[in-house]
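Taking it in order: structure first as structure tokens, then the write-up.
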Number of protein chains: 2
Amino acid sequence: MSNENQLKKNGCSPSHQGCVSMVPIFNHLDEVQMEEIMQTVQSYSFKKGELIYRAGDTSNVLTIVNKGSLRIYRLSESGKEQLVRVLKPGAFTGELALFNETVHENYAEAMEETSVCQITRESLEKLLIKYPSISLKILQALSTRVDESEHQATQFSTESTEQRLASYLVDLLGEGNESMIVTLPMTKKDLASYIGTTPETVSRKLKELEDMKLIKRISSSRIKILDEDNLLFL
Amino acid sequence: MSNENQLKKNGCSPSHQGCVSMVPIFNHLDEVQMEEIMQTVQSYSFKKGELIYRAGDTSNVLTIVNKGSLRIYRLSESGKEQLVRVLKPGAFTGELALFNETVHENYAEAMEETSVCQITRESLEKLLIKYPSISLKILQALSTRVDESEHQATQFSTESTEQRLASYLVDLLGEGNESMIVTLPMTKKDLASYIGTTPETVSRKLKELEDMKLIKRISSSRIKILDEDNLLFL
DNA sequence: GACATTTCTTGATTTGTATCAATTTAGTCG
DNA sequence: CGACTAAATTGATACAAATCAAGAAATGTC
């Protein structure tokens, strides 16, 4: 942990109950088993802007988001920052350093007041042996992440900024959102970093999409999707 | 399997011995255990250009490369192809469709005469329960893949084509290659697709790097690295 | 609620890279 | 081996998006 002075450990708070019962990698187990896992899990909270870990740190814990959100980002060789993904409750990070006994390659930063649970390598390995279904859940999660990340890489290398922005908005919309209104979960600066462009270009492209009557900006962070099909068809 | 007529199944050939004893996810086990796994594994071979699977296919097997190489690529929404990675002996693919019981999102094509081993979901799940260390190996491999893919996405979004090409060449060089000569493992067309550019630009950038005395082209597919440090420092 | 600070937007300009077109080179096969 | 096909190179041009700069809006703070 890179900033021990800043975190609050609350070993027995009820908050990490949720942590176990809520996350996909554990919540398929029964009550007794989850109770057992709770004993092995530590809960911490971070204030906005605090780092859970940074690139280069060694670590032997898996970090699971309980409440709030984490910003996972990388720095390129030339020092530019790229937002890799945003972790919402139930998602985990730190698997690279954990499973490969190596250092972190990315940064995890609290985007708001955020509480996380951490489980050590030893505890997790014991659990994986005792409950192989947990392995399967983590394998599912990781293979999905590989897919998402490769999808993103493909978009970066083959699609225009406009297309990437448009499909990001449609992704945000998700299934069966009647209102057709999406709320941007991050600043435009982070959004730009996430889709691999600059804030200026995001601003301009949003205006273009609005001019084309594909979207309508409701407020600075709320956007109404007017024409989902043509957004994907750019 | 998308082209059953084209593949040759050779159930009892010695080739899939190697398949098990060679791959990182199994070769830490002892002889008897590997023998057991060999019983559950099927071996197939593919000719150059044949597809092992395509996007949209359902599948319940994990495919492990035994000999030869596979080209894993994706098509973007707009139909452009992007080379995601090249699988060499010991590497595996198909985990998304396997673990998530969903369809493939990418294509796997033999780059040359290639033999693979396949293991079904049922067999693998039994093995994972019996030998949890296999889970750990797969978790290691997948978390490394997530890291590599996110690294690539970050490069796409933050680095210039020239920098991406240069760091690709340095990556190819690897550790302790005395000769400082790398051999491109794919056509320039595939290389262009892999680093997210066009063949024309690859050609031009290689010339620029040569003009800068950072590399020297020996033959069409062999390149001598003259100045590793400055290649990374572009 | 007014001030300060960051974020966002808009404009003018530059630049990197894609695209199109034409050779040249390399690879393949009868 | 020469003919054919695909791959690679080179040049000219077009264009998307980054950069630089400045003002507007939003957000946070005392």
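Just so it is clear, the model here is predicted, and its values are computed rather than measured. Chain letters run A, B, ... following the sequence lines, proteins first and then strands; every chain starts at 1.
Ion pairing between B:Glu148 and B:Arg145 fails under the 4.0 Å rule for side-chain N and carboxylate O. Taking a cutoff of 4.0 Å between a charged side-chain nitrogen and a carboxylate oxygen, B:Glu210 and B:Lys207 do not qualify as a salt bridge. Contact check on A:Arg204 versus A:Asp211 returns no salt bridge, with no Lys/Arg side-chain nitrogen under 4.0 Å from an Asp/Glu carboxylate oxygen. Ion pairing between A:Arg71 and A:Glu109 holds under the 4.0 Å rule for side-chain N and carboxylate O.
For B:Ser203, taking side-chain heavy atoms from C-beta onward, the closest of the listed nucleotides D:dT27, D:dT9, C:dA12 is D:dT9. Listed nucleotides: C:dT17, D:dA17, C:dT10. Nearest to the side chain of A:Thr201: D:dA17. Listed candidates were C:dT17, D:dT27, D:dT19. Nearest to the side chain of A:Ser220 is D:dT27.
Summarising the geometry, atom CZ belonging to A:Phe92 is positioned 5.5 Å from atom CD1 belonging to A:Ile25; distances are rounded to the nearest 0.5 Å. Rounding to the nearest 0.5 Å gives a distance of 12.5 Å between NZ of B:Lys216 and CG of B:Leu206.
Summarising the geometry, the separation between CZ on A:Arg204 and C1' on C:dT9 is reported as 8 Å, rounded to the nearest angstrom. In this structure, the NZ atom of B:Lys207 is 6 Å from the C1' atom of D:dT10, given to the nearest Å. The CD-P distance, from B:Glu112 to C:dT28, rounds to 13 Å in whole Å.
Atom NZ of A:Lys88 sits in a crowded spot, with more than 12 heavy atoms from other residues, nucleotides or ligands closer than 6.0 Å.
Distances shorter than 4.0 Å separate none of the side-chain N or O atoms of A:Lys205 from OP1 or OP2 on D:dA16.
The backbone N or O of B:Leu83 lies less than 3.5 Å from a partner atom in the side chain of B:Ser193, making a donor-acceptor pair.
Within residues 149-172 of chain A, the residues that place at least one heavy atom under 4.0 Å from DNA chain D are, in residue-number order, A:Ser160, A:Thr161. Annotation: proximity of residues 210-217 of chain A to DNA chain C (heavy atom, distance under 4.0 Å) is found for A:Arg217, numbered in ascending order. Listed in residue order, the members of residues 180-199 of chain B having a heavy atom less than 4.0 Å from DNA chain C are B:Gly196, B:Thr197, B:Thr198.
Here the options are B:Val84, B:Leu75, B:Ile72, the test is side-chain contact (heavy atoms from CB on, under 4.5 Å), and the partner is B:Tyr107; only B:Leu75 passes.
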